[in-house]
Number of protein chains: 2
Amino acid sequence: MRVTITDIAKRAKVSPSTVSRVIADNPRISAATKEKVLRIMKEMNYHPNIIARSLVNQTTKIIGVVMPGMAEQSLQHPFYPELLGGIASMANNQGYKILLANVSTVDEEREMVKELTFGGITEGIILLTSRDDNPTVDQLVKNGFPFVVIGRTENPYVNWVDNDNFLIGYQLATHFIEQGHQEIAFLGYSPGYMVTRDRLNGYKKALQEHNIPFDPALVIESKFISDNGYDLMKQILVKEKRPTGVIACDDLLAFGAIRAIHEAGLRVPEDIAVAGINNVPLADYYNPPLTSVKINAFSLGTKAFEMLRTIMGSEIQSYNRAIIPAELVVRSSTQR
Amino acid sequence: MRVTITDIAKRAKVSPSTVSRVIADNPRISAATKEKVLRIMKEMNYHPNIIARSLVNQTTKIIGVVMPGMAEQSLQHPFYPELLGGIASMANNQGYKILLANVSTVDEEREMVKELTFGGITEGIILLTSRDDNPTVDQLVKNGFPFVVIGRTENPYVNWVDNDNFLIGYQLATHFIEQGHQEIAFLGYSPGYMVTRDRLNGYKKALQEHNIPFDPALVIESKFISDNGYDLMKQILVKEKRPTGVIACDDLLAFGAIRAIHEAGLRVPEDIAVAGINNVPLADYYNPPLTSVKINAFSLGTKAFEMLRTIMGSEIQSYNRAIIPAELVVRSSTQR
DNA sequence: TTGTAGGCGTTATCAT
DNA sequence: ATGATAACGCCTACAA
């Protein structure tokens, strides 16, 4: 049996409320009893029951983090863990704990969010998503529950933090153009995911600004995060008009692409320059080192938590957006 | 204000206990009232308060996962997220939620574990650790709180799941020896971490079995997980007696080492063969593809949860160990 | 300064 | 089949 406030009270010959006051560090208590109670608490190895406290306070100091398909693949990607690290670090030193929810299907997500919101166990939610049509988001909006989305959504009534993916696409494409490229393939476009759409649009904008016609044949679709860059690249290599540059929507895609290029007897960057996005640790170690875009996932996480706190603490409704700057990291894979 | 069981009761003109019975699907209730209550619950969008329920049930359906230094670097490593995925997937479909605790210091870890155990919020704990002297472990043992360690510890009174690191070291070394190597460096030994010690011992055993003298000069120490394989390898390359093979305790270390080797104008595997451990996704994409050991982190996670459940559900004390088999994945980096 | 009593939302026991 | 009541462990007016 766990030791409770009443046990302490009995032993100290005081009332439970007195003990409670000691715990709360209430000033209206004599130094003597305070010290005595404190001593006994230590003796009996007392620890307050968080559940009971939550029930009366209506506050749990827990936030929920909902990740899609974690069990399967998402967490495999360095992007997610870094994000999580950011959230956790911020949450932790503000005394919050993180309830991690991995959901594999949209239905699961809906149910999970329902539980987390109505169940009273969670004070706020951070939702990782990048899909356009997320019913969960609409649901949360309807309930007026405090939540923040990481990844841009089209629903205007949400608080979100994200990178400027349009800018990322734009900067990458500009970088290639400045290096003299005209035929630049875009690898890993995934309709239904705003991320890749924004990036593609940025890419188009850059082309347009330099009067380079946009060629849809150079856009290769794929699932958002996947390791099939190798196959995608082979699709490109068989075409008669070979691009001189490749922008991949993810570093893993880029690595696969490079392998395909090498196998075809071509060199990177001399024959085809390649860049990725996300700047995974190994981008720097790869051969050749891969030009990429640092997404600052950790900051995305910390910012998201910060925003959530603001929302939770405030009575006035507001819809906030935060853009975490991304950073082009140029390495040998795109340098002549 | 959130809608409670009493609100439902009033509206349905029944007592709270009746509503509670409906929720619990108690058979001793008339179909009529049951249906009515159910309907009103839906109408009013009722959801049970998990906190209140936990308080009376003394059960939360939450387990804690404590990771060291997550905020900083651990989570960066593909190993951890995969582990987490395994735990989460298992937990989820058994109706458990995961409370994620990232701790950066030993003190923090101790405090966190105290809160999680005595606070009553958590029914069991999975502790990720690989350090020998973990006071937290001793503490948990002392309290008789259900917990499972991922990573072997020396304390005999713990339940743990791990790979057979001795075997991993042994198999890797044997593989090198079979390829004709005699001078095999061991990169990334880290005293204080059982993992690397076990691996080193396995390596020694293999040497011994083949009558190859053990040369301490070939063992290069480093912090457990770090990205300084490049520098470590340079230390080796300046030595007069150059090894023909390198076993790195982690793939990232191996990647760095390969870069150093290439920079020195040598080839992998022709001049020096290199293998890593953990089989990160990019091992396969690297140039050359890296021989590594698949750790099956996901299984480590699922098994850990399974074990935890067993412990939580059983009154009889027992100390269980589970070994998740690792698997040597031979690629070009060690093949002539 | 300290104690008493009521309540947070639920479940479980005992009546009816 | 249903209702009243106590309890889970803690907090907080209100009293003393």
Side-chain angles (χ1 to χ4, degrees), chain A residues 1-38 40-41 44-62 95 114-123, chain B residues 1-38 40-41 44-62 95 114-123:
Chain A
M1 206 41 208
R2 188 170 283 131
V3 31
T4 77
I5 219 172
T6 339
D7 299 329
I8 306 291
K10 276 189 195 130
R11 189 80 107 69
K13 296 197 205 315
V14 296
S15 80
S17 30
T18 303
V19 179
S20 177
R21 290 198 186 91
V22 171
I23 295 168
D25 211 24
N26 190 313
R28 299 197 314 212
I29 202 141
S30 83
T33 46
K34 176 168 180 176
E35 197 231 1
K36 180 172 62 178
V37 169
L38 242 26
I40 296 188
M41 276 181 13
M44 302 184 69
N45 197 22
Y46 168 80
H47 289 264
N49 181 317
I50 297 184
I51 302 288
R53 183 178 280 180
S54 296
L55 186 58
V56 42
N57 288 341
Q58 305 284 38
T59 163
T60 60
K61 286 286 192 177
I62 294 180
K114 243 189 213 158
E115 247 188 277
L116 293 186
T117 51
F118 294 112
I121 203 171
T122 260
E123 296 179 24
Chain B
M1 206 43 206
R2 189 172 280 132
V3 31
T4 77
I5 218 171
T6 338
D7 300 328
I8 305 290
K10 276 187 195 132
R11 190 80 107 69
K13 297 195 202 315
V14 296
S15 79
S17 12
T18 303
V19 179
S20 178
R21 287 198 187 90
V22 172
I23 296 169
D25 211 25
N26 190 313
R28 297 198 313 213
I29 203 144
S30 83
T33 45
K34 176 168 179 176
E35 196 232 1
K36 179 173 65 179
V37 168
L38 242 25
I40 295 187
M41 274 178 20
M44 301 185 68
N45 196 24
Y46 168 80
H47 289 263
N49 182 316
I50 298 184
I51 302 289
R53 185 177 278 176
S54 295
L55 185 59
V56 44
N57 287 341
Q58 304 285 40
T59 162
T60 60
K61 288 285 192 176
I62 294 180
K114 243 189 213 159
E115 246 188 276
L116 294 185
T117 51
F118 295 113
I121 202 169
T122 260
E123 295 180 24

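Just so we're on the same page: letters track the sequence lines, and every chain starts at 1. The basis for the numbers below is simple: all heavy atoms, side chains too, and nothing from hydrogens, waters or symmetry mates.
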Write down the distance between [atom1] ([X]) and [atom2] ([N]), rounded to a whole number of angstrom.
X: B/Ile5; N: D/dA4; atom1: CD1; atom2: C1'; value: 15 Å
X: B/Phe118; N: D/dC10; atom1: CZ; atom2: P; value: 14 Å
X: A/Glu35; N: C/dT2; atom1: CD; atom2: P; value: 13 Å
X: A/Lys10; N: C/dG3; atom1: NZ; atom2: P; value: 14 Å
X: A/Arg28; N: C/dT2; atom1: CZ; atom2: P; value: 11 Å
X: B/Asn26; N: D/dA1; atom1: CG; atom2: P; value: 9 Å
X: B/Met41; N: C/dG9; atom1: CE; atom2: C1'; value: 14 Å

According to ring pair (Phe, Tyr, Trp, His ring centres under 6.0 Å), who are the partners of A/Tyr46, at least two apart in sequence or on a separate chain?
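Result, ring pair (Phe, Tyr, Trp, His ring centres under 6.0 Å) vs A/Tyr46: none returned.
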
Out of curiosity, A/Ile40 CD1 to A/Glu35 CD, how far, rounded to the nearest 0.5 Å?
10.5 Å

Atom pair CD1/CD1 of B/Ile51 and A/Ile51 - distance to nearest 0.5 Å:
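So the CD1 of B/Ile51 and the CD1 of A/Ile51 are separated by 5.0 Å.
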
For [X], all residues meeting side chain to side chain donor-acceptor pair (under 3.5 Å), sequence neighbours excluded:
X: A/Asn26; answer: none
X: A/Asn45; answer: A/His47
X: B/Thr60; answer: none
X: B/Ser15; answer: B/Ser17, B/Thr18

Restricting to pairs with a member in residues 5-24 of chain B, which pass salt bridge (Lys or Arg N to Asp or Glu O under 4.0 Å), not counting sequence neighbours?
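Residue pairs passing salt bridge (Lys or Arg N to Asp or Glu O under 4.0 Å), neighbours aside: B/Arg11-B/Glu43.
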
Describe, as an angle rounded to 10 degrees, how the axis at the first end of the helix from C/dT1-D/dA16 to C/dT16-D/dA1 is tilted relative to the axis at the last end, five pairs per end.
50°

Taking only residues two or more places apart in sequence, or in another chain, which ones meet B/Ile50 in a side-chain contact (heavy atoms from CB on, under 4.5 Å)?
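A/Glu115, A/Ile121, B/Ser54.
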
Not counting sequence neighbours, which residues clear side-chain contact (heavy atoms from CB on, under 4.5 Å) with A/Thr117? List them please.
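Once residues adjacent in sequence are excluded, the partners of A/Thr117 under the side-chain contact (heavy atoms from CB on, under 4.5 Å) criterion are A/Val113, A/Ile125, A/Leu140, A/Phe145.
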
At a heavy-atom distance below 4.0 Å, what parts of residues 15-25 of chain A sit against DNA chain D?
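Within this stretch, A/Ser17, A/Ser20, A/Arg21 sit under 4.0 Å of the strand.
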
Sequence neighbours left out, what passes salt bridge (charged side-chain N to carboxylate O under 4.0 Å, His left out) with A/Lys114? Give chain and number order.
A/Glu111

Phosphate oxygens OP1/OP2 of C/dG9: is one of them under 4.0 Å from a side-chain N or O of A/Gln58?
yes

Within the structure, does a side-chain N or O atom of A/Thr4 lie under 4.0 Å from either OP1 or OP2 of D/dC8?
no

When you measure from every atom of DNA chain C, which of residues 45-57 of chain A have a heavy atom less than 4.0 Å away?
A/Leu55, A/Val56

